[in-house]
Every structure is written in C-alpha cells, then in structure tokens.
Amino acid sequence: MTIINDLDKTCGISDDDMTVLFKESIRIDDEIRRIKGLPVARYDDELGKPYMEYPDGRREYLDD
C-alpha cells in the first residue's frame, strides 16, 4: 500500500513556493495582456469596486 502525503500531491513544492509561482504567473499574464493592448481586471480596495485597467493607465469602473 502506498501512502501519499501532502508533499507528494504538490511534487514537493511548499505552499510558500506555490504562492510565489502563482503570483508570478499572474504578473506574466498581466504583462502579456498589456503588450497585446488588452485590459486587465483589478479590484479597488478603497472603493470596493472592480475595474478594468487599460494599457494607457485608464481605469473603467464596472457597475454592479
């Protein structure tokens, strides 16, 4: 019988390393979208509203 632990499920990558890899993948995707001229979805914590950020820096807040 093979016993599988949490490290086996993630190929030995720790939670902290996985978080770093996830954040880097989001950064790369955002960069690709800017190069292609596509907006990036963001969330404004101060206003509590989602918005689209365009490559020129313009923000378009989304209505509920």
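Remember, it's a predicted structure, so these values are computed and weren't measured experimentally.
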Trainee: Sort and list the pairs that fulfil side-chain hydrogen bond (donor to acceptor under 3.5 Å, both in side chains) and have at least one residue in residues 38-48, not counting sequence neighbours.
Mentor: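 Those involving residues 38-48 are Asp30-Arg42, Arg42-Glu53, Asp44-Tyr61.
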
Trainee: Taking atom CD1 of Ile32 and atom CZ of Arg27, what is their separation to the nearest 0.5 Å?
Mentor: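 CZ of Arg27 is found 9.5 Å from CD1 of Ile32.
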
Trainee: So, for Arg33 and Val40, which heavy atoms are closest and what is the spacing to 0.1 Å?
Mentor: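 Arg33 and Val40 have their closest heavy atoms at CB-CG2, 4.2 Å.
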
Trainee: Can you tell me if Ser14 and Asp17 form a side-chain donor-acceptor pair at under 3.5 Å?
Mentor: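 Checked: Ser14/Asp17 side chains pair up, N/O donor to acceptor below 3.5 Å.
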
Trainee: Should the pair Glu31-Arg34 be classified as a salt bridge under the 4.0 Å nitrogen-to-oxygen rule?
Mentor: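 Answer for the salt bridge query: no.
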
Trainee: Just how far is it from atom CG of Asp16 to atom CG of Leu21, taken to the nearest 0.5 Å?
Mentor: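 Here the rounded value is 11.0 Å.
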
Trainee: Could you walk me through whether Leu62 and Met52 pass side chain to side chain contact (heavy atoms under 4.5 Å, CB included), step by step?
Mentor: CA-CA 7 Å; Leu62 305 174; Met52 299 300 285; 3.9 Å; yes

Trainee: Spell out, yes or no, whether Tyr51 and Leu47 are grouped together once hydrophobic residues are joined by side-chain heavy atoms under 4.5 Å, including indirect joins.
Mentor: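 The answer is yes; both residues are in one hydrophobic cluster.
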
